[in-house]
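Contents: one structure, followed by commentary.
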Number of protein chains: 2
Amino acid sequence: MHSPELLKGTLQTIVLKVLKDNGRMYGYEITQRVKELSDDRILITEGALYPALHKLEAEGMLKTETENIGKRVRKYYSLTPQGRSLVKERVNEFVEFIKTMGNVLQVNLG
Amino acid sequence: MHSPELLKGTLQTIVLKVLKDNGRMYGYEITQRVKELSDDRILITEGALYPALHKLEAEGMLKTETENIGKRVRKYYSLTPQGRSLVKERVNEFVEFIKTMGNVLQVNLG
DNA sequence: CTTAGATACATAATTCACTTATGTATTAAT
DNA sequence: ATTAATACATAAGTGAATTATGTATCTAAG
């Protein structure tokens, strides 16, 4: 598990990019996909995820569709065109940040 | 300037590594060195730096010497042996985090 | 069958590292 | 003389996260 401090500020970027790469997904599915991609090192908590999804939806970055699976309700999220722009922005931002950190820490990242 | 959110959790790592690479430094000097290394993209605020330095000193990671420069007082910080271990740990932690993020975001970092 | 663990959503209370604001004082430049 | 840079320090406020709590369904084990 990574230091939770480092993870701060990356949640939105992660959620958006995973949605871009995997298309339509529901909340729980996102947590599992991130767990898998990160080899159990990034565990997104529900208390962080759901408010983040609601915020992105309210901002018009995500759209939702609900589906009934048996008696359960699933809420599927997918990117809007605006959301697609935001993913690129956020990922670029992160890549730039890492380049800068590489210089400051004098380490070869990647 | 980078999104301040991304910077969260990296301050200690930055301070420790810069001190390791540059030896004895005073607070203001650290802010300037980081500004320089980051090409003006990371600007450490005093409200963040001084409490961080005091905390690291209290934990035995840094030791201090004060010097009088004219009528000014400068407080020089340097790593203790414990601090030297911590730098390695923190930098490794960060590098691992970046590797994980590379997988999750499917981007080539570095 | 019933209990535990996984699935699936949601929100409220709390934390804590940071930003912003404020304060003091010296030195250099215009 | 006034502004900007140098140099330290701390208090108040912010906000994205963690932690805790709540509801409910599905599945596997014993």
Side-chain angles (χ1 to χ4, degrees), chain A residues 1-16 24-36 40-59 61-62 64-77 90 93-94 97 101, chain B residues 1-16 24-36 40-59 61-62 64-77 90 93-94 97 101:
Chain A
M1 259 292 280
H2 288 298
S3 147
E5 293 311 323
L6 290 175
L7 216 51
K8 292 210 177 190
T10 61
L11 178 64
Q12 242 195 36
T13 308
I14 291 173
V15 168
L16 289 166
R24 202 164 155 278
M25 294 178 98
Y26 54 99
Y28 186 76
E29 195 183 5
I30 296 175
T31 66
Q32 296 311 298
R33 183 74 184 122
V34 171
K35 183 173 141 74
E36 190 190 333
D40 290 8
R41 283 189 268 264
I42 297 179
L43 307 174
I44 298 180
T45 59
E46 296 163 291
L49 178 68
Y50 293 114
L53 288 172
H54 299 162
K55 189 171 174 249
L56 286 167
E57 189 189 3
E59 292 168 352
M61 303 300 157
L62 302 178
T64 58
E65 294 159 294
T66 50
E67 265 188 36
N68 292 336
I69 309 292
K71 285 179 180 172
R72 279 234 195 91
V73 177
R74 264 190 204 158
K75 206 165 161 185
Y76 279 92
Y77 289 87
R90 285 279 186 277
E93 204 171 271
F94 186 76
F97 172 67
M101 284 299 286
Chain B
M1 258 291 282
H2 288 298
S3 149
E5 293 311 322
L6 289 176
L7 215 52
K8 291 209 176 191
T10 61
L11 178 63
Q12 242 196 34
T13 308
I14 291 172
V15 167
L16 288 166
R24 205 165 154 274
M25 294 179 96
Y26 55 98
Y28 186 76
E29 194 182 7
I30 296 174
T31 68
Q32 296 311 299
R33 183 74 183 123
V34 171
K35 183 172 140 78
E36 190 190 334
D40 288 8
R41 282 188 268 263
I42 297 178
L43 307 174
I44 297 180
T45 59
E46 294 162 293
L49 179 68
Y50 292 115
L53 288 172
H54 298 163
K55 187 169 175 254
L56 286 167
E57 189 189 2
E59 291 168 352
M61 303 300 157
L62 303 177
T64 58
E65 295 160 290
T66 50
E67 264 188 37
N68 293 337
I69 308 292
K71 283 179 184 173
R72 278 233 194 94
V73 176
R74 265 189 202 162
K75 206 164 160 185
Y76 279 92
Y77 289 86
R90 286 277 187 275
E93 205 171 270
F94 186 77
F97 173 67
M101 285 298 286

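Residue numbers start from 1 in every chain, and the chains themselves are labelled A, B, ... in the order their sequence lines are given, proteins ahead of strands.
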Practice item. Give the rounded distance in Å between these two atoms: CZ of B/Arg74 and P of D/dA9. Key: 14 Å
Study note, to complete from the structure: Separation of D/dT18 atom P from A/Met1 atom CE, nearest Å, is 8 Å
Check your understanding: Can you list the residues that meet the ring pair (Phe, Tyr, Trp, His ring centres under 6.0 Å) rule with B/Phe97, with sequence neighbours excluded?
Key -> A/His2
Point to revise | B/Met25 CE to D/dC8 P, straight-line distance once rounded to whole Å | key: 11 Å
Review point. If only side-chain N and O atoms of A/His54 are considered, is one of them under 4.0 Å from the OP1 or OP2 phosphate oxygen of C/dC9?
Key: no
Exercise for review: Specify the separation, in whole Å, of atom CG of A/Leu6 and atom P of C/dC16.
Suggested key: 17 Å
Check your understanding: Which of these nucleotides, C/dA10, C/dA8, D/dT10, is closest to any side-chain atom of B/Pro51?
Key -> D/dT10
Point to revise | side-chain hydrogen bond (donor to acceptor under 3.5 Å, both in side chains) partners of B/Glu36, counting only residues at least two apart | key: B/Arg33
Practice item. Look at B/Tyr26 and D/dC8 and indicate whether a side-chain polar atom (N or O) is within less than 4.0 Å of OP1 or OP2. Key: no
Practice item. Please state how far atom OH in A/Tyr28 lies from atom C1' in D/dT25, giving the value in whole angstrom units. Key: 13 Å
For residues 45-58 of chain B, which side-chain donor-acceptor pairs fall under 3.5 Å, sequence neighbours excluded?
from: B/His54; atom 1: ND1; to: B/Tyr50; atom 2: O; distance (Å): 3.3
from: B/Glu57; atom 1: OE2; to: B/Thr64; atom 2: OG1; distance (Å): 3.0

Point to revise | For atom CG of B/Leu53 and atom C1' of D/dC8, their distance in whole Å | key: 11 Å
Practice item. Starting at CE of A/Met101, measure out to CG of B/Leu6 and round the result to the nearest 0.5 Å. Key: 10.0 Å
Exercise for review: Sugar-phosphate atoms are those with a prime plus P, OP1 and OP2; base atoms are the rest. Using that split, label each nucleotide of nucleotides 17-30 of chain C B, S or - for protein heavy atoms under 4.0 Å, 5' to 3'.
Suggested key: SSBB-----BS---
Practice item. Identify, with sequence neighbours excluded, every residue that meets side-chain hydrogen bond (donor to acceptor under 3.5 Å, both in side chains) alongside A/Tyr77. Key: none
Exercise for review: Can you sort out the partners of B/Glu65 under side-chain hydrogen bond (donor to acceptor under 3.5 Å, both in side chains), two or more places apart, ordered by chain and number?
Suggested key: B/Arg24
Point to revise | Distance, rounded to the nearest Å, where A/Tyr50 contributes OH and D/dA24 contributes C1' | key: 13 Å
